[in-house]
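Okay, so here's the structure we're looking at.
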Amino acid sequence: MTKHIDMQSDSWEIGGKTLSSRLLIGSALYPSPANMEDAIKISQAQIVTVSLRRQSAGEGNGGQFWDIIKALNINVLPNTAGCHSAKEAIITAQMAREVFGTNWIKLEVIGDQYNLQPDPFETVKAAEVLIKEGFEVFPYTTDDLVVAKRLADVGCKIIMPWGSMIGSGKGLMNPDNLTAIRKQFPELKLIIDAGIGKPSHATQAMELGYDGVLLNSAVALAQDPVKMADAFRYAVEAGRLGYEAGTMQEREFASPSTPTIGTPFWHQFN
């Protein structure tokens with residue numbers, strides 16, 4: 001009898017903390033704060049990303065938003081969204097550490113406003129400074145192997161390559177690049193960040209051996225965010241199980257699943 005694997009017991013470590021869920025979820029763009037709360041709860045994510053700029057913007061529901069996040073009792077990952085230079089990102093990270101009481105920071109330094117592609121030079125520069133200041137840096141980058149190497153060289157233990165452009169929903173544009181990064185850095189925690197649009201995209205990312213998936217728009221902009229959050233929960237679990245089980249190798253030829261060696265049994269009666 002096949003033993004059922006409880007994914008809640010599939011614990012893993014990231015940033016000095018042990019978790020059971022490999023889904024990281026964002027807190028923006030939801031139709032309402034209540035909808036955000038329900039989606040995060042059903043996803044069973046244990047890390048939620050939040051923006052310091054949102055907290056500082058003086059939104060009417062800002063207090064309600066933060067009350068919900070605190071009540072969820074999960075790990076908060078502040079981000080430097082909207083920053084365009086290393087200096088700006090460093091200052092934002094320092095402020096976020098004070099506001100949210102964590103040394104975790106999702107480092108985003110945008111280099112191109114059209115496709116929101118991160119600036120590799122400024123990202124590496126900021127990461128090096130923040131790591132020296134005691135931050136656990138979660139850097140958002142492209143699927144560029146050399147950039148990943150530079151981030152690892154300055155001390156990043158976590159790297160978050162994109163699947164595709166932020167909010168595009170295109171999924172994994174370059175699976176070969178992502179596979180190369182995974183093979184090059186088996187000891188690092190790798191999270192796919194950005195571009196995930198469907199649960200199948202998350203499953204594919206996990207089947208490549210990535211440690212987790214971070215997403216926001218795919219859930220928040222769905223017709224039913226709560227149901228979509230539930231779908232992504234299972235998609236990430238399925239992809240991880242598939243990776244651990246070892247998927248079959250692709251072939252260039254057909255191979256029958258039913259053996260054809262020998263004489264069909266009914267010929268014995270002719």
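Every value quoted in this text rests on a predicted model; they were computed, and no experiment measured them. Side chains are part of it too, since the values below use all heavy atoms of this structure and drop only hydrogens, waters and symmetry mates.
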*Validation row: Leu188, Ile158 side chains within 4.5 angstrom (heavy atoms)*: no
*Any idea which heavy atoms bring Leu145 and Ala180 closest together, and the distance?*
CD1-O, 4.1 Å
_Under 4.5 Å between side-chain heavy atoms, counting indirect links through other Ile/Leu/Val/Met/Phe/Trp/Tyr residues: same cluster for Tyr140 and Val50 or not?_
no
*Counting heavy atoms not belonging to Glu187, are there more than 12 under 6.0 Å from its CD?*
yes
*Reference residue Leu215; test side-chain contact (heavy atoms from CB on, under 4.5 Å); the match among Thr49, Leu24, Leu23*: Leu23
*Is the centre of the Trp104 ring less than 6.0 Å from the centre of the Phe135 ring?*
no
_Side-chain heavy atoms of Thr142 within contact of Pro161, under 4.5 Å_ = no
*Are side-chain heavy atoms of Asn79 and Phe138 found at a separation under 4.5 Å?*
no
_Could you measure the distance from the CD1 atom of Ile181 to the CG atom of Leu190? Nearest 0.5 Å is fine._
7.5 Å
*Is Lys41 paired with Asp230 through a side-chain N to carboxylate O contact shorter than 4.0 Å?*
no
*Determine whether Ile91 and Ile110 fall in the same hydrophobic cluster, where Ile, Leu, Val, Met, Phe, Trp and Tyr are linked whenever their side-chain heavy atoms lie under 4.5 Å apart.*
no
*If you measure from the Lys or Arg side-chain nitrogens to the Asp or Glu carboxylate oxygens, is any gap between Lys17 and Glu13 under 4.0 Å?*
no
*asked:* Test your reading of the model: is there a side-chain donor-acceptor pair from Asp119 to the backbone of Phe121, 3.5 Å cut-off?
replied: yes
*Would a distance-only check, ignoring hydrogens and angles, find a side-chain to backbone donor-acceptor pair under 3.5 Å from Thr179 to Pro175?*
yes
_Atom pair CH2 (Trp162) and CG (Asn177), whose distance is rounded to the nearest 0.5 Å_ = 11.5 Å
*Say you draw a straight line from CD1 of Ile191 to CE of Met160; how long is it, rounded to the nearest 0.5 Å?*
7.5 Å
*Can you get from Val129 to Ile105 by hopping between Ile, Leu, Val, Met, Phe, Trp and Tyr side chains that sit under 4.5 Å apart?*
yes
*Please name the pair of heavy atoms, one in Leu107 and one in Val109, separated by the smallest distance, quoted to 0.1 Å.*
CD1-CG2, 3.9 Å
_How long is the straight-line distance from CG of Asn75 back to CZ of Phe100, given to the nearest 0.5 Å?_
14.0 Å
*Looking at Lys189, Arg182, Lys157, which hits salt bridge (charged side-chain N to carboxylate O under 4.0 Å, His left out) with Asp211?*
Arg182
_I want to check something: taking the side chain as every heavy atom from C-beta on, are Leu19 and Ile47 in contact at a cut-off of under 4.5 Å?_
yes
*So how far is it from Lys198 NZ to Thr203 OG1, rounded to the nearest 0.5 Å?*
11.5 Å
*Could you tell me whether the side chain of Tyr30 reaches within less than 4.5 Å of the side chain of Glu37, counting heavy atoms only?*
no
*Should Ser217 and Leu29 be marked as a side chain to side chain contact (heavy atoms under 4.5 Å, CB included) after you check the CA-CA gap, both sets of side-chain angles, and the distance that decides it?*
CA-CA 7 Å; Ser217 301; Leu29 305 176; 3.6 Å; yes
*Any donor and acceptor pair, going by atom type alone, linking the side chain of Tyr210 with main-chain N or O of Leu178 inside 3.5 Å?*
yes
*State plainly whether the residues Glu122 and Lys125 are in salt-bridge range, i.e. N to O under 4.0 Å.*
yes
*If every non-hydrogen atom of Leu130 is compared with every non-hydrogen atom of Ala93, which pair is closest and at what distance?*
CD2-CB, 3.7 Å
*Measure the CG-CD distance between Leu208 and Gln204 for me, rounded to the nearest 0.5 Å.*
6.0 Å
*Check Arg22 against Trp12 and note the closest heavy-atom contact, atom names and distance.*
NH2-CB, 3.3 Å
*Looking only at heavy atoms, what is the nearest atom pair of Ala205 and Val213, with distance?*
CB-CG2, 3.9 Å
_For the backbone of His84 and the side chain of Glu88, can you confirm whether one donor and one acceptor N or O come within less than 3.5 Å of each other?_
yes
*Would you sort out whether Leu172 and Ser164 count as a side chain to side chain contact (heavy atoms under 4.5 Å, CB included), showing the intermediate values?*
CA-CA 6 Å; Leu172 309 187; Ser164 52; over 6 Å; no
*Which atom pair, heavy atoms only, marks the closest approach of Gly197 to His201?*
N-ND1, 3.0 Å
*Using a distance-only test with no angle check, is there a side-chain donor-acceptor pair under 3.5 angstrom linking Ser20 and Gln46?*
yes
